[in-house]
> 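Could you have a look at this structure, given as structure tokens, before my questions?
Computed from a predicted model, the values in this text were never measured in an experiment.
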Amino acid sequence: MAGRAPIATKSSALIAMIADEDTVTGFLLAGVGNVDLRRKTNYLIVDSKTTVKAIEDAFKEFTTREDIAIVLISQYVANMIRFLVDSYNMAVPAILEIPSKDHPYDPAHDSVLSRVKYLFSAESVASGRR
Amino acid sequence: MKISMAEEEAAAVHGNGDSDEKVLEFLDSLEGYLTLMESLASTLRQGWFELASARHSMGVSRVSSASLDLKDHLASTYLEMTQHEFDESIMRQPQFSLRKWASFENGICSSGEEKPDSPQLRQRCPSQISENQEDLSKSDGSHTTVDDLVKKERSKSLSVFGTLVSPKLRAAQASFETALDILVEVANLRSSMLSARNQVQRGIEETRK
């Protein structure tokens with residue numbers, strides 16, 4: 001095992017989106033939209049009528065699909081399913097929280113930054129120096 | 001005895017140096033992540049503004065989710081993901097790269113082993129795509145370049161909103177393409193940040209033992 005060269009595997013994958021209409025439309029203009037033979041899309045447009053359950057179902061679907069590598073989710077939508085987003089800890093697909101028109105990006109709510117900020121707590125630093 | 005103690009101290013100092021390096025790597029990734037998120041926000045704001053301008057000139061009904069193509073089609077822009085497996089104890093660190101406008105007509109191969117219900121992406125064949133490019137340049141004598149094919153794919157994406165589109169819609173398309181580039185960088189930084197965090201955490205745990 002020692003000195004073994006790292007193995008690299010390459011694969012193609014999609015970008016999924018859970019966001020407001022303008023954000024999804026913009027990224028579809030950039031060519032990321034995919035509709036399969038069963039009419040399943042790689043995006044969910046969230047508006048005032050979208051239920052929390054629909055968002056949860058879409059999040060669970062996109063994070064379990066093998067052909068999706070990145071899930072873009074508007075941060076205000078992620079806040080609606082915060083428990084689900086924060087409990088997700090897989091490397092792939094990567095969950096990226098993005099700003100929306102009416103809700104600017106807030107680093108305090110970002111799930112990735114929440115996972116690493118404990119490293120800056122006094123207790124973790126002090127325990128490392130003992 | 002004294003020599004072994006000195007060796008242990010030297011190893012401890014060297015170990016602390018390695019830990020500091022990992023912490024610095026982690027902090028660099030964190031700074032890069034926050035800077036890129038700021039840049040992304042700015043690019044998206046521009047894209048939303050251009051989209052709103054296009055909607056104003058073309059009409060609300062033309063630039064809306066109602067116009068979106070719901071017939072089955074492959075994504076023209078997708079990711080190529082490389083996963084490095086160092087060893088079983090270290091989380092795999094994926095690296096992403098963006099392939100823009102890569103879904104050329106007749107440039108898609110399907111695996112004979114693929115099941116109809118499989119969620120796997122239909123495989124793209126780079127060699128088949130390059131062969132098609134050669135065929136295009138030879139068949140009718142005209143010089144069709146990759147740029148022409150990319151322009152064709154961009155136009156195809158815009159045509160969902162009608163034959164004649166506002167220049168603002170083209171500008172919005174460019175802005176969101178830039179946003180995708182930034183997002184892929186963010187994803188890579190996220191990957192290295194989480195990897196660095198794991199290494200720092202492991203270092204802390206080993207120090208506690």
> Check this for me, if you would: do A:Lys53 and A:Asp57 make a salt bridge, where the nitrogen-to-carboxylate-oxygen distance has to be below 4.0 angstrom?
yes
> Count the heavy-atom pairs under 4.5 Å between each of A:Ile68, A:Thr41, A:Ile98, A:Thr23 and chain B, then report the option with the highest count.
A:Thr23
> Take atom CD of A:Glu56 as the centre, draw a 6.0 Å sphere, and report whether it contains more than 12 heavy atoms from other residues, nucleotides or ligands.
yes
> Which residue out of B:Ala179, B:Gly47, B:Ala187 racks up the most heavy-atom pairs below 4.5 Å with chain A?
B:Ala187
> Under 4.5 Å from any heavy atom of chain B, what part of A:Tyr105 do you find: side chain, backbone, both or neither?
side chain
> What part of B:Leu98 lies closer than 4.5 angstrom to a heavy atom of chain A: side chain, backbone, both or neither?
side chain
> Within the distance-only criterion (no hydrogens, no angle test), does the side chain of B:Ser42 pair as donor or acceptor with the backbone N or O of B:Glu38 below 3.5 angstrom?
no
> Please classify the contact of A:Asn42 with chain B as side chain, backbone, both or neither, using a heavy-atom distance under 4.5 Å.
neither
> Should the pair A:Asp86-A:Arg82 be classified as a salt bridge under the 4.0 Å nitrogen-to-oxygen rule?
yes
> Can you say whether B:Leu44 sits under 4.5 Å from chain A via the side chain, the backbone, both, or neither, judging by heavy atoms?
side chain
> With a 4.5 angstrom heavy-atom cut-off, could you sort out which part of B:Phe49 is near chain A: side chain, backbone, both or neither?
neither
> Is a salt bridge present between A:Lys101 and A:Asp20, judged by a nitrogen-to-oxygen distance below 4.0 Å?
no
> Would you mind checking if A:Asp47 and A:Lys49 are paired as a salt bridge, meaning a charged N to carboxylate O distance below 4.0 Å?
no
> Where does B:Leu34 contact chain A at under 4.5 Å (heavy atoms): side chain, backbone, both or neither?
side chain
> Given heavy-atom pairs under 4.5 angstrom as the criterion, report whether the side chain, backbone, both or neither of B:Met37 touches chain A.
side chain
> Should A:Phe27 and B:Thr77 count as side-chain neighbours, where that means a heavy-atom distance under 4.5 Å?
no
> Quick one: which of B:Arg154, B:Arg99, B:Glu153 gives a side-chain hydrogen bond (donor to acceptor under 3.5 Å, both in side chains) with B:Ser76?
B:Glu153
> A:Ser111 versus A:Glu97: any side-chain heavy-atom pair under 4.5 Å?
yes
> Would you mind checking which part of A:Leu72 comes under 4.5 Å of any heavy atom in chain B, side chain (CB onward), backbone (N, CA, C, O), both or neither?
side chain
> With a 4.5 angstrom heavy-atom cut-off, is it the side chain or the backbone of A:Val32 that approaches chain B, or both, or neither?
both
> Tell me, for A:Ile70 versus chain B, whether the close heavy atoms (under 4.5 Å) come from the side chain, the backbone, both or neither.
both
> Using a cut-off of under 4.5 Å on heavy-atom pairs, state which of B:Gln95, B:Met81, B:Gln173, B:Arg170 scores highest against chain A.
B:Met81
> Of all of A:Val24, A:Thr25, A:Val112, which one pairs up most often with chain B through heavy atoms under 4.5 Å apart?
A:Val112
> Of the backbone (N, CA, C, O) and the side chain (C-beta and beyond), which part of A:Pro107 lies under 4.5 Å from a heavy atom of chain B, both, or neither?
side chain
> Which is it for B:Phe26 and B:Gln199 under the side-chain contact (heavy atoms from CB on, under 4.5 Å) test, yes or no, and what are the steps along the way?
CA-CA 9 Å; B:Phe26 165 73; B:Gln199 289 181 44; over 6 Å; no
> Is chain A contacted by the side chain of B:Arg45, its backbone, both, or neither, given a heavy-atom distance below 4.5 Å?
neither
> On the 0 to 90° scale, with breaks at 30° and 60°, tag the A:Phe59-A:Tyr88 ring pair as parallel, tilted or perpendicular.
perpendicular
> Counting only non-hydrogen atoms closer than 4.5 Å, does A:Ile45 touch chain B with its backbone (N, CA, C, O), its side chain (CB onward), both, or neither?
side chain
